[in-house]
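Just so it is clear, the model here is predicted, and its values are computed rather than measured.
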There are 2 protein chains.
Amino acid sequence: MQQAANTARATRNPDQTRQRILEAAFMEIYRNGFQGMRLDEVLAATHLTKGALYHHFPNKQALGYAVVDEVILPMVQAVWILPLRGAADPLQALIDVIEQMPDTKPPEMIQYGCPLNNLAQEMSPLDEGFRQRLDHAFGEWHGATRQALQQAQQQGLIRTDCDCEEIATFVMAALEGCIGLAKSAQSKDRLKVCNRGLIQFLRSLKTH
Amino acid sequence: MQQAANTARATRNPDQTRQRILEAAFMEIYRNGFQGMRLDEVLAATHLTKGALYHHFPNKQALGYAVVDEVILPMVQAVWILPLRGAADPLQALIDVIEQMPDTKPPEMIQYGCPLNNLAQEMSPLDEGFRQRLDHAFGEWHGATRQALQQAQQQGLIRTDCDCEEIATFVMAALEGCIGLAKSAQSKDRLKVCNRGLIQFLRSLKTH
DNA sequence: TATTCTACAGACCAGACAGTATGTAGGCAA
DNA sequence: TTGCCTACATACTGTCTGGTCTGTAGAATA
């Protein structure tokens with residue numbers, strides 16, 4: 001039995017359909033994790049059906065991979081990488097991004113944490129495909145942070161004995177830790193307190 | 001139909017049976033997350049059956065709660081809290097615990113991360129019962145860390161302008177972040193690099 | 001206009017999985 | 001010894017879920 005389904009179907013737009021699926025899948029993964037994501041929920045959110053989903057993606061895993069590549073990775077670039085580009089004072093730019101985070105992205109960030117880290121923590125030990133994609137995103141982020149630190153170092157803003165590579169790694173880890181702890185407490189205050197510790201660390205790198 | 005099951009069944013020991021279930025459930029949760037844990041796998045690991053499990057626990061959720069209270073919480077105390085008790089130099093004791101971590105607890109810690117944080121990240125937004133129990137564990141840990149810092153402060157080992165409460169929170173967050181990043185990379189080296197950053201921060205608190 | 005292909009719709013299926021219902025053997029009390 | 005309760009074993013069920021299969025309307029093509 002076949003009816004006209006949802007009365008008015010706009011002219012075909014497969015790219016947009018695919019994008020809608022990706023975004024709905026992202027939200028489901030963000031809220032429930034990849035294993036917790038139900039394809040039926042994604043379809044309900046998009047008002048699509050199995051046919052559409054399996055036309056665009058061969059299976060659940062491929063959908064998950066696409067969410068990482070096409071949603072999460074660009075998100076990381078927008079939030080953590082672009083704001084550092086071409087900053088006059090790279091160290092201050094980094095501090096600013098961290099300081100403003102609690103207020104620029106609530107309340108989802110507090111409630112559900114960091115999409116990148118969530119998925120990395122869940123899937124890294126279970127699926128090498130996920131791990132590599134997520135680790136690649138961390139790599140991009142790390143590169144941008146390291147570059148900002150190195151520029152600050154060249155400008156004489158931070159001490160010359162700082163290992164920017166190492167510090168960039170630690171900054172990423174600390175940031176994810178702060179977000180994670182705030183999520184555990186479901187408290188924006190916790191995030192602010194935690195971030196203050198990180199900022200204190202960054203300031204301790206400054207040449208006095 | 002009833003047979004003697006596994007030939008020799010030791011005399012009844014319900015407490016031990018319960019403990020075996022708890023430990024197997026912990027391992028399953030540790031590896032796959034709570035949502036990913038399959039009761040059948042727990043039973044296979046313990047060579048028990050549904051009857052035993054549902055005799056000791058009313059449902060999967062209750063089993064999860066018990067794992068937090070009776071396995072994970074004691075584990076946190078053993079790893080992060082007891083080593084700080086009664087240390088002559090509390091700051092150094094803290095640094096030691098962090099520094100030795102990569103070598104005292106591999107390779108599971110690298111592969112699967114921190115049981116406490118894993119579960120907190122997965123379940124905090126989804127189940128308030130989990131969240132409260134896990135947040136309580138973080139609270140215990142935080143208290144011990146703060147106390148160590150305050151003692152160090154009273155001993156004149158770290159600066160008086162340090163907010164020990166705040167720093168303890170950040171130290172926990174940074175540690176979980178380091179472990180998480182190492183897990184994402186599946187690399188012990190990453191953990192060492194990351195921890196070095198944290199230790200650098202702790203040393204920066206010292207009175208010079 | 002006829003044909004073909006794309007982009008879906010919707011019914012269906014098989015396996016997995018939490019939970020239940022029932023039965024029973026061992027130990028303890030009386 | 002009898003009766004009872006605890007500590008399990010085992011078969012079973014309902015539901016959820018990823019995935020498949022078939023069908024079809026619109027657009028492109030010839």
Whole Å only: how far is the [atom1] atom of [X] from the [atom2] atom of [N]?
X: Asn59(A); N: dT17(D); atom1: CG; atom2: C1'; result: 14 Å
X: Gln61(A); N: dG18(D); atom1: CD; atom2: P; result: 14 Å
X: Leu39(B); N: dC17(C); atom1: CG; atom2: P; result: 9 Å
X: Leu43(A); N: dA9(C); atom1: CG; atom2: P; result: 9 Å
X: Lys60(B); N: dC16(D); atom1: NZ; atom2: P; result: 15 Å
X: Glu41(A); N: dG18(D); atom1: CD; atom2: P; result: 10 Å
X: Arg38(B); N: dC17(C); atom1: CZ; atom2: P; result: 5 Å
X: Asn32(A); N: dT17(D); atom1: CG; atom2: P; result: 10 Å

Validation row: Pro125(B), Lys183(A) side chains within 4.5 angstrom (heavy atoms): yes

Give, for atom OG of Ser124(A) and atom CD of Gln111(B), the distance between the pair rounded to the nearest 0.5 Å. 11.0 Å

From Ile72(A) atom CD1 to Asn118(A) atom CG, the distance as rounded to the nearest 0.5 Å: 8.5 Å

Under 3.5 Å, is there any donor-acceptor pair linking the side chain of Lys50(A) to the base of dG19(D)? yes

Can you find an N or O donor on one side and an acceptor on the other, under 3.5 Å apart, linking the side chain of Arg12(A) with the base of dA25(D)? yes

On the nucleotide [N], are OP1 or OP2 found under 4.0 Å from the side-chain N or O atoms that [X] carries?
X: His56(B); N: dA7(D); answer: no
X: Thr17(B); N: dA7(D); answer: no
X: His55(A); N: dA7(C); answer: yes

Considering only side-chain heavy atoms of Thr49(B), which listed nucleotide, dT20(D), dT10(D), dG10(C), is closest? dT10(D)

Does this structure show an ion pair linking Glu23(A) with Arg20(A), if we count only N-O contacts that are shorter than 4.0 Å? no

For the pair Arg18(B) and Glu70(B), find out whether any cationic side-chain nitrogen is under 4.0 Å from an anionic carboxylate oxygen. yes

